[in-house]
Amino acid sequence: MLSLQTIREHTDEVRNAVNQRHTEAPIEQIIELDAERSPLLTEVETMRADRNRAGKLIGAAKDSAERQRLIDEQRSVASKLDDLEKRLTDLDSALNKLLLEVPNLFHEDVPLGVEENSTVVLIGNGATGEEQRIDPPVPISEWPAIEDTASVKPHWDLGETLGIIDFKRSAKLSGAHLPMLLGDGARLQRALISWMLDQHRKRGYQEVYPPAMVTRDALVGTGQLPKFADTMFETTNGRWLIPTAEVPVTNMYRDEILESSDLPIHHAAYSPCFRNEQFSAGSSSRGVKRLYQFDKVEMVRFERPDDSWEALDQLLDDALKLLRELKLSYRVLRLATGDLTFASAMTYDIETWAPGDQEWLEVSSVSNFLDFQARRANLRFRTEDGDIEYLHTLNGSGFALPRLLATILEQYQLNDGSVEVPLPLRPYLGGQERIDPA
RNA sequence: GGAGAGGUGGCCGAGUGGUUGAAGGCGCCUGUCUCGAAAACAGGUAGACGAGAGUCUCGUGGGUUCGAAUCCCACCCUCUCCGCCA
């Protein structure tokens, strides 16, 4: 969250950020309550100081008449202090509630506008290995459509003919949007998970296998709650199913003060993710593109504030390294303000090309949250000078498995209907080179 | 799920209504001593808000009281035993 101080001192900037995100936040209410709170706080603190002073005198009083006189005196102010304290508590909790609904500020390089204003900043060709930085970035609305004449099947057809993705049978047990992987499909996913975790580990990301159920507080910490409760599943025992491993992992160091020498901390976590998607029939949710449950490998970084922007670039590159090794075609978007998530100050989306479906699939989202989550989750560290500061958090997927799997199936499809196994994954599949129809 | 024990500062641990934000020890930092180190001795050593005075924090939230680490209630967490389970 933003500090009260930020909202108080940079009100216009905050208002502007909220508007550019095309959302709403109770800024005016916050300003109003804050104006009432400040003088009240001073008054309450002065009265408490009096009370504490009197308490010491009462404790030390030898003469019982004098002691009784002091007690009577305090008795007469106690109820007034009580009233004022109640009002202060009410204001504080109201303010805290409102502050949780204010989105983060964003970096000046974030393009303004809605989704179509997001810009393409990088594009990579899987076949040739060429990578091109797009400078200046081009809005996706002006980005030329890909002329991909490859006549290949979309992954949902391929998955069925190869017998590796089953939509029909899983519907019997779970309903729509919860497909199952079979045989080489399940094995390919497992290979991907292992390979990705191994790659991240090599680059210094310590592996974590987090709980998939978390408390409400954890979700408040990362910013999903209180605003986005309807996008998740609450369990009957008061926990919530995680929408991403970002939630448990970012909350790991909650209420701790890390030493400067501990930073940076890099984790990679494999977990299932659960999202209460509002589906409408159509191409955007076909196949495995949008599901109630999917697996994902997520990278989470805890950084010193000065390092977080450089860390964002590294994080993006750490994700892209995997796509380069898999020889997949991809592009990187810098999301526009209207498409940014609540907590993010800047987000890159990585999309891979799905030739069967003729569309780009979002397989990763890489964000810098600055101290926004750190304030909510109380993530702090001690600087070299001994000061205590909020650290910065970042995360990026590497990668969401269903869509990555879909892209691989479509990009690695051969003329005879089989699918080649990407080179780096073969050691994880006992050297297997192809997936043939079952 | 049942029965019991317990949650105090970086750690251990005292404190059961009043100059206690908290004794003592360990650890850590600084100084004296030393060629240097160790030992010894002396001093220092939690966080939040605030310009500051000051206020708040002894698992969390309520309550009693002029006053709560200390009394009462609820909840959370940890440990032991039983039951159940992968």
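Proteins come first, then strands; the chains are lettered A, B, ... in the order of their sequence lines, and each starts at number 1.
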Note to self: Less than 6.0 angstrom from the centroid, inside 45 degrees of the normal: does R21(A) satisfy that with respect to the ring of F106(A)?
What the structure shows: no
Base paired to [N] (Watson-Crick or G-U; both N/O distances under 3.5 angstrom):
N: C75(B); result: G59(B)
N: G9(B); result: none
N: A22(B); result: none
N: G67(B); result: none

Next item on the list: With sequence neighbours left out, write down each residue that passes salt bridge (Lys or Arg N to Asp or Glu O under 4.0 Å) with D157(A), or none if nothing qualifies.
Entry: none
Item checked: Residue whose closest nucleotide on RNA chain B lies nearer the 5' end, K56(A) versus V44(A) -> K56(A)
Notebook entry, point to check: Which residue, A49(A) or T89(A), contacts RNA chain B at a nucleotide closer to its 5' end, judged by nearest heavy atom?
Noted result: A49(A)
To the nearest angstrom, how far is [X] atom [atom1] from [N] atom [atom2]?
X: L40(A); N: G50(B); atom1: CG; atom2: P; answer: 16 Å
X: N52(A); N: G18(B); atom1: CG; atom2: P; answer: 15 Å
X: I58(A); N: U65(B); atom1: CD1; atom2: P; answer: 15 Å

Margin query: Is a donor from one side chain sitting under 3.5 angstrom from an acceptor on the other, for Y348(A) and R334(A)?
Written below: yes
Check: Quick one: do the E389(A) and T383(A) side chains pair a donor with an acceptor below 3.5 Å?
Finding: no
Notebook entry, point to check: Looking across every strand, which nucleic acid part, if any, lies under 4.0 Å from L57(A) by heavy atom: base, sugar-phosphate, or nothing?
Noted result: nothing
Item checked: Sugar-phosphate, base or nothing in reach of E45(A), heavy atoms under 4.0 Å -> base
Next item on the list: Would you state whether a donor and an acceptor, one from the side chain of R53(A) and one from the base of G54(B), lie under 3.5 Å apart?
Entry: no
Note to self: Counting only side-chain nitrogens and oxygens, does R382(A) get under 4.0 Å of the OP1 or OP2 atom of G47(B)?
What the structure shows: yes
